[in-house]
Amino acid sequence: MIRAVKGTRDLLPPSTAAWNHVESVARRVFHAYNYQEIRTPILEETQLFARGVGEQTDIVTKEMYTFEDRDGTSLTMRPENTASVIRAYIEHRLDQRPGVQKFYYMGPMFRRERPQKGRYRQFYQIGAEAIGSESPAIDAEVIEMVVDFFEQAGLKGFTLLVNSVGDSNCRPAFLERLRGELKSVAGQLCEDCQRRAVTNPLRVLDCKVPEDQAIIDKLPSILDHLCEPCRLHFASMRQFLDDRGIVYEVRPRLVRGLDYYMRTTFEVLHGSLGAQNSVLGGGRYDGLAESLGSKVPAPGIGFSIGEDRLVMSVEEQEPAATLDLFIAPLGAAAQREAGKLARDVRREGYSTEVAPEGKLKRAMELANKLGARFALILGDEEIASGRYALKNMQSGVQEPVSREQLAQQLAIAK
RNA sequence: GUGGGUGUAGCUCAGCUUGGUAGAGCGCCGGAUUGUGGUUCCGGUGGCCGAGGGUUCGAAUCCCUCCACCCACCCCA
């Protein structure tokens, strides 16, 4: 048998109800902050991600679905959406539009990783980008929106982490300092950290090995090494968050894997997800446009939500769609009559199913299994009298009803 | 890329240690006489036991190889 490709999966009902729930809450909340939807292509030139995400990142070096098109250009299925949105912003000169440009998106992304819990090769992200302002007020608003969204989506017990990773002015100096300190203590760290001390020093700060913590705690903190503009930006953003009573934790060791992040970074954690406990990550990326080769500046901040994980956490039984009416016709004449009745009832907005021909007993069993609110029996008697036999499947009460009474019954408790 | 776990009916699993040609529950289908569901009772459908090879008179069971899925590492949303 042909099966779904490794790392991809079918989303089936009833769990698709939870996906729709999450997505509709996102649209509603984002619209309240004046964000509008943007849809960018799934395929982009490989260069976009190589330059945007970072040539040396694992994503680019070994986790992208990249192939050569027939004309020789290298194409890649998007591993994330921020670079595409910035590309579109520049390509369509959206900087010429009035005000901060606020976009949200949702859809599949692709990374060729080894699948595990909450981590797939085709995964789904919901995200947003606010482009065109360097103001810390925007950072705070984006973060506020994130919290608003998770609350409304019904996610319980999440933690918001914020940090500043500095900018091209102060980060290099800090990195130098960090490397220097690491040289003297690396020998005492775990194997992974010894490697990271060389390849990706910031990652050492994020190490979870208990024995390493004492040493890591003594390493320099980025927050103590921010340049004045970055320090003010972070302080101002925090002020805005405090003003709105948003609860967060400053985590100076919060590190981002993508090269384009600067200044504000943030993350939302949620337990019960196994090792993959992060449901959202985001940050500011003021230099991204330039690194894509644009003369048009596009300072911005954004985030993306791991929808697969969020749905997993929120899947507290979205009530499955209910079937309002199940029609059981008896005989050929009734079958035709049922078709017309179903058409009319559906146009009134009620979900309706017509039983296939067969025994009434079978039809009633099916009505029960489908969870229909009402079953309507349509036989010669009913056609002759013009009154349907309508049975309330929950109470078991059955009574003859006119067409008008049927409408009334359906309207009750809908 | 690395490590561990698991592969038996549509689903959840037992059987494997101590080889003797496959089981349960749920689901699905049918029945308990007339045009009535849920509960109950009865019956039925359904499996190259992940694939290939080996040992053996005989393998779901023991051995080897491969594959798939899951979890974790790396890394990351």
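Every chain is numbered from 1 and lettered A, B, ... according to where its sequence line falls, protein lines coming before strand lines. Being a predicted model, the structure only gives us computed values, none of them experimental.
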Distance check needed: [N] [atom2] versus [X] [atom1], whole Å only.
X: A/Asn368; N: B/G38; atom1: CG; atom2: C1'; result: 5 Å
X: A/Phe326; N: B/G38; atom1: CZ; atom2: C1'; result: 15 Å
X: A/Lys6; N: B/C69; atom1: NZ; atom2: C1'; result: 8 Å
X: A/Leu360; N: B/G38; atom1: CG; atom2: P; result: 12 Å
X: A/Leu161; N: B/A77; atom1: CG; atom2: P; result: 13 Å
X: A/Arg309; N: B/C71; atom1: CZ; atom2: P; result: 12 Å
X: A/Arg373; N: B/G37; atom1: CZ; atom2: C1'; result: 17 Å
X: A/Lys117; N: B/C69; atom1: NZ; atom2: C1'; result: 14 Å

What distance, rounded to whole Å, do you find between the two [atom1] atoms, one in [N] and one in [M]?
N: B/G3; M: B/U39; atom1: P; answer: 50 Å
N: B/C74; M: B/A9; atom1: C1'; answer: 39 Å
N: B/A60; M: B/C48; atom1: P; answer: 13 Å
N: B/G15; M: B/G20; atom1: C1'; answer: 14 Å
N: B/U21; M: B/G10; atom1: P; answer: 23 Å
N: B/G23; M: B/U61; atom1: C1'; answer: 15 Å

According to the ring pair (Phe, Tyr, Trp, His ring centres under 6.0 Å) rule, which pairs have a member within residues 132-175 of chain A, sequence neighbours left out?
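Sorted pair list: A/Phe30-A/Phe149, A/Phe150-A/Phe158, A/Phe174-A/His225.
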For nucleotides 1-12 of chain B, 5' to 3', base contacts (B), sugar-phosphate-only contacts (S) and non-contacts (-) with protein non-hydrogen atoms under 4.0 Å give BB----------
Tell me, for nucleotides 43-51 of chain B in 5' to 3' order, what letter each nucleotide earns: B for a base near a protein heavy atom under 4.0 Å, S for only sugar-phosphate near one, - for neither?
---------
Name the pairing partner of [N], where a pair is Watson-Crick or G-U wobble with both distances under 3.5 Å, or state none.
N: B/U2; value: B/A72
N: B/G30; value: B/C42
N: B/A9; value: none

Base, sugar-phosphate alone, or nothing: which one does [X] contact when heavy atoms must sit under 4.0 Å apart?
X: A/Phe123; answer: base
X: A/Glu381; answer: base
X: A/Ile377; answer: base

Residue pairs passing the side chain to side chain donor-acceptor pair (under 3.5 Å) test where at least one lies in [range], sequence neighbours excluded:
range: residues 157-171 of chain A; result: none
range: residues 137-150 of chain A; result: A/Tyr33-A/Asp148, A/Lys102-A/Glu141, A/Asp139-A/His233, A/Asp139-A/Thr264, A/Asp139-A/Arg284, A/Glu144-A/Arg244, A/Asp148-A/Gln152
range: residues 352-369 of chain A; result: A/Arg362-A/Glu365

Using a cut-off of under 3.5 Å, enumerate the N/O to N/O pairs linking the protein to nucleotides 25-33 of chain B.
{"from": "B/C29", "atom 1": "OP2", "to": "A/Lys369", "atom 2": "NZ", "distance (Å)": "3.2"}
{"from": "B/G30", "atom 1": "OP1", "to": "A/Arg362", "atom 2": "NE", "distance (Å)": "3.1"}
{"from": "B/G30", "atom 1": "OP2", "to": "A/Arg362", "atom 2": "NE", "distance (Å)": "3.2"}
{"from": "B/G30", "atom 1": "OP2", "to": "A/Arg362", "atom 2": "NH1", "distance (Å)": "3.3"}
{"from": "B/G31", "atom 1": "OP1", "to": "A/Lys359", "atom 2": "NZ", "distance (Å)": "2.8"}

Between [X] and [Y], does any side-chain donor sit less than 3.5 Å from a side-chain acceptor?
X: A/Tyr35; Y: A/Glu129; result: no
X: A/Tyr248; Y: A/Arg238; result: yes
X: A/Gln122; Y: A/Tyr124; result: yes
X: A/Arg27; Y: A/Tyr104; result: yes

Of A/Glu63 and A/Leu378, the one whose nearest nucleotide on RNA chain B sits closer to the 5' end is A/Leu378
Please tell me which of A/Phe266 and A/Ala4 maps to the more 5' nucleotide of RNA chain B, matching each residue to the nucleotide holding its nearest heavy atom.
A/Ala4
State, with a plain yes or no, whether a side-chain heavy atom of A/Leu325 is found less than 4.5 Å away from one of A/Leu390.
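In short, these two side chains touch, coming nearer than 4.5 Å.
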Contact between A/Pro41 and A/Arg78 at the side-chain level, heavy atoms closer than 4.5 Å - yes or no?
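A/Pro41 does not reach A/Arg78 side chain to side chain.
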Sequence neighbours left out, what passes side-chain hydrogen bond (donor to acceptor under 3.5 Å, both in side chains) with [X]? Give chain and number order.
X: A/Arg121; value: none
X: A/Thr46; value: A/Ser74, A/Thr76
X: A/Gln405; value: A/Ser402

What pairs with A/Glu399 under side-chain contact (heavy atoms from CB on, under 4.5 Å), at least two apart in sequence or on another chain?
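If we apply the side-chain contact (heavy atoms from CB on, under 4.5 Å) test to A/Glu399, skipping adjacent residues, the hits are A/Val401, A/Gln409.
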Is there a residue in residues 391-400 of chain A whose heavy atoms reach under 4.0 Å of RNA chain B, and which residues are they?
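The answer is A/Lys391, A/Met393, A/Gln394, A/Gly396, A/Gln398.
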Please determine whether any donor N or O and acceptor N or O are separated by less than 3.5 Å between the side chain of A/Arg3 and the base of B/C69.
no
Cationic N near anionic O, under 4.0 Å, A/Arg177 to A/Glu181:
yes
Using a cut-off of strictly less than 4.0 Å, decide whether A/Gln116 has a side-chain nitrogen or oxygen near OP1 or OP2 of B/A72.
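Checking B/A72 against A/Gln116, a side-chain N or O does come within under 4.0 Å of OP1 or OP2.
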